[in-house]
Amino acid sequence: MSGTIRVKGIGTAKTKPDYVEVMLNLNGNNMEYVAAVNEANAKIEKLQNAISAVGYEKDDLKTLNFSANTNYEYDHGKQQFKGYVCTYRLKLGFDFTAEALAKTLTAIANSGADAEFSVGFSVKEPEKVADALLISATENARQKAEVLCKASGNTLGELVSIDNDWG
């Protein structure tokens, strides 16, 4: 007679980040729409020149989003038009080293573009980390199954199924 046990494996995987993404926001503000866009574009050009000076290509700076909005403020209960705000959301990704990050952030800060930025770390090949995690979870599940079988006086038989549920 064959029995069935179900176990959930818990896996862990550790790796050091090898890739960094700098996310940037640039704004152009002006009473005239075209002037606001031109201001934002001038800031992009300053950024492109700054990153080019430290070894990147201008095209390495990727535009993720562009928005243009009207800007209003309330003054004594009345809505006052304050112009246009054009915003670019940009990304610069590169291989991570402390030196490259410091050089890049210094160039951005000194560019004169008045960019807001944040830094995120990741790995270039996330599928390798996912594979290591699956292997770890599978080994953990097998160990749990062996303990359950031994405790119940049975032996572990052939694998019947795997439910690869990341939950």
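For this chain, numbers begin at 1 and follow the sequence in order. All heavy atoms count here, side chains included; hydrogens, waters and symmetry mates do not.
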### Query
Are the charged groups of Asp95 and Lys124 less than 4.0 angstrom apart, N to O?
yes
### Message
Determine whether the aromatic ring centres of residues Phe94 and Tyr19 are separated by less than 6.0 angstrom.
### Response
no
### Summary
For Ala141 and Lys8 the tightest heavy-atom approach is CB-C, 4.4 Å
### Task
Write down the atom of Ile108, the atom of Ser111, and the distance for their closest heavy-atom approach.
O-OG, 2.8 Å
### Query
Which atoms form the tightest heavy-atom contact between Phe121 and Leu101, and what is the distance?
CZ-CD2, 3.8 Å
### Query
Just how far is it from atom CG of Leu90 to atom CD of Gln48, taken to the nearest 0.5 Å?
8.5 Å
### Message
If you count every heavy atom of other residues, nucleotides or ligands that lies below 6.0 Å from Lys150 atom NZ, does the total exceed 12?
### Response
no
### Heavy-atom neighbours of Phe81 CZ exceed 12 at 6.0 Å
yes
### Message
To the closest 0.5 Å, what do you measure between OG (Ser118) and NZ (Lys91)?
### Response
12.0 Å
#### Entry: Test item: Ser136 side-chain N/O and Thr12 main-chain N/O as donor-acceptor pair under 3.5 Å
yes
#### Entry: Lys/Arg N to Asp/Glu carboxylate O, Lys128 vs Glu125, below 4.0 Å
yes
### Query
When you check the gap from the basic side-chain N to the acidic O, do Lys43 and Glu39 get nearer than 4.0 Å?
yes
Could you list the donor-acceptor pairs under 3.5 angstrom formed between side-chain atoms of residues 60-69 and any protein atom two or more places apart in sequence or on another chain?
| from | atom 1 | to | atom 2 | distance (Å) |
| --- | --- | --- | --- | --- |
| Asp60 | OD2 | Glu57 | N | 2.9 |
| Lys62 | NZ | Asp59 | O | 2.9 |

### Query
Shared ILVMFWY cluster between Leu105 and Val20, side chains joined below 4.5 angstrom?
yes
### Message
Can you list everything that forms a side-chain contact (heavy atoms from CB on, under 4.5 Å) with Lys144? Sequence neighbours excluded, please.
### Response
Val7, Ile10, Asn140
### Task
Calculate, to the nearest 0.5 Å, the distance between atoms OG1 and CD belonging to Thr138 and Gln143 respectively.
13.0 Å
### Message
To the closest 0.5 Å, what do you measure between OH (Tyr56) and CG (Leu47)?
### Response
12.5 Å
### Message
Are the side chains of Lys58 and Asn49 in contact, using a 4.5 Å heavy-atom criterion?
### Response
yes
### Joint hydrophobic cluster, Tyr72 plus Tyr84, side-chain heavy atoms closer than 4.5 Å
yes
### Distance in Å, Cys149 SG paired with Leu156 CG, rounded so as to fall on 0.5 Å steps
4.5 Å
### Summary
SG (Cys86) and CG (Asn38) are apart, to the nearest 0.5 Å, by 9.0 Å
### Message
Can you confirm whether Leu159 is buried at CG, in the sense that more than 12 heavy atoms of other residues, nucleotides or ligands lie under 6.0 Å from that atom?
### Response
yes
### Query
When hydrophobic residues are tied together by side-chain contacts of less than 4.5 Å, even through go-betweens, does Val119 share a cluster with Leu92?
yes
With a cut-off of 3.5 Å and sequence neighbours excluded, list every side-chain donor-acceptor pair involving residues 22-37.
| from | atom 1 | to | atom 2 | distance (Å) |
| --- | --- | --- | --- | --- |
| Asn25 | OD1 | Arg89 | NH1 | 3.4 |
| Asn27 | OD1 | Thr87 | OG1 | 2.6 |
| Asn30 | OD1 | Glu32 | N | 3.0 |

### Task
Would you please test Glu99 and Lys103 for salt bridge (charged side-chain N to carboxylate O under 4.0 Å, His left out) and show each step?
CA-CA 6 Å; Glu99 180 184 338; Lys103 171 180 76 168; 5.9 Å; no
